[in-house]
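Below you'll find the structure, written out as structure tokens, and then a few comments.
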Amino acid sequence: MGSDRYRRLRADYDGEGLDEARCPDAPLTLVQEWLDDAVRRQAERGDAPEPMAMSVATVDEDGLPDVRTVLLRSLDEVGPGFFTSTLSAKGLQLRANPGVAAALTWPAMFRAVRFRGYAEQQAADEVAAYFRSRPWGARIGAHASAQSRPVPDRAALETAYQEMARRYPDTGSPDDVPVPEGWGGYRLVADRVELWAGRPSRLHDRIVWERVAPGGLDDAAAWRRTRLAP
Ligand SMILES: Cc1cc2nc3c(=O)[nH]c(=O)nc-3n(C[C@H](O)[C@H](O)[C@H](O)COP(=O)(O)O)c2cc1C
């Protein structure tokens, strides 16, 4: 049994590629450039929607992997950061095992970035600053949803939203909704970064930076750069 209907889909990848002459000794500036390129691509051509969508893989206490998409909300010399519930499935998995991997993919640009490392919780002031920047509805939604827990039905979710909306009315102030219990975020402290660029005949470019010494993603002395076969 089985179907070949997905196998017939085939595209040759002909992106710009990536050669060592363009690669800095430390990966941060090039990763930032690719994120900026993806944002510009979406603005100009509309074929890179949600350019900050990042798949985040975690491992549960039994060693079973899990993966979901979040929005990358920061990138600095430590690594990418995102916001979520620390009481969600991913939050509990990261508590049991801080090992984490993440990937962003921009198919229209034939580009992808991968990170591996471990997760560190975002500081409370970072969390509060980001929470205040969200629209009122999203802040209310965070109160109404115990992320990853069962809910009886859609109506229960909407009732919880209405209750929270009554409790914390929209006054136009970023402080009208408190940060919910357990709402937080993580920074992926990266030990490995890969940039992938799709090329014809599946002869893609893969350049990897692996940590060889302490130091940030901007510190040339901290990284060894290698090309991998596709
Ligand atoms: C494009 C996109 C962006 C998302 N961004 C976030 C996010 O920034 N934070 C978040 O907690 N969930 C986000 N989600 C929802 C997650 O994929 C996931 O459903 C949720 O975090 C629960 O995951 P968990 O049960 O594995 O913890 C996003 C989903 C998509 C498709």
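Not measured: the values here are computed from a predicted model. Order of listing sets the numbers, starting from 1, for every ligand and every atom in it.
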Return the closest protein heavy atom for [atom] as residue, atom name and distance.
{"atom": "atom 20 (C) of ligand 1", "value": "Q147 NE2, 3.4 Å"}
{"atom": "atom 22 (C) of ligand 1", "value": "K90 NZ, 3.5 Å"}
{"atom": "atom 24 (P) of ligand 1", "value": "S148 OG, 3.5 Å"}

Structural part of R73 in contact with ligand 1, heavy atom criterion under 4.0 angstrom: neither
With a 4.0 Å cut-off on N to O distance, would you call [X] and [Y] a salt bridge?
{"X": "E158", "Y": "R154", "result": "yes"}
{"X": "E194", "Y": "R116", "result": "no"}
{"X": "R95", "Y": "E61", "result": "no"}
{"X": "R132", "Y": "D175", "result": "yes"}

Option set V56, T69, L71, T84, criterion heavy-atom distance to atom 8 (O) of ligand 1, minimum: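 Shortest heavy-atom distance from atom 8 (O) of ligand 1: L71.
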As a check for students: among M54, E50, R68, identify the option with a heavy atom nearest to atom 26 (O) of ligand 1. R68
Does F83 reach ligand 1, in the sense of a heavy atom lying below 4.0 Å from it?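 Checking ligand 1 against F83, which is what was asked, there is a heavy-atom contact under 4.0 Å.
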Looking only at distances, please establish whether an N/O atom of ligand 1 is found under 3.5 Å from an N/O atom of D66. no
Backbone or side-chain N or O of S85 under 3.5 Å from ligand 1 N or O: no
Do T58 and R68 get their side chains close enough for a donor-acceptor pair, meaning under 3.5 Å? yes
Measure the acute angle between the ring planes of W106 and W34, then classify it against the limits of 30° and 60° as parallel, tilted or perpendicular.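 W106 vs W34 ring planes: perpendicular.
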What's the separation between atom CG in L35 and atom CZ in R111, rounded to the nearest 0.5 Å?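 Here the rounded value is 10.0 Å.
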Closest heavy-atom contact between A213 and A221?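 Looking at all heavy atoms of both residues, the shortest contact is CB-O, 3.8 Å.
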Could you list which atoms of ligand 1 come closer than 4.0 Å to a heavy atom of A89? 24 (P), 25 (O), 26 (O), 27 (O)
Checking contacts now, so for atom 5 (N) of ligand 1, which I'm interested in, is there any protein heavy atom under 4.0 Å? yes
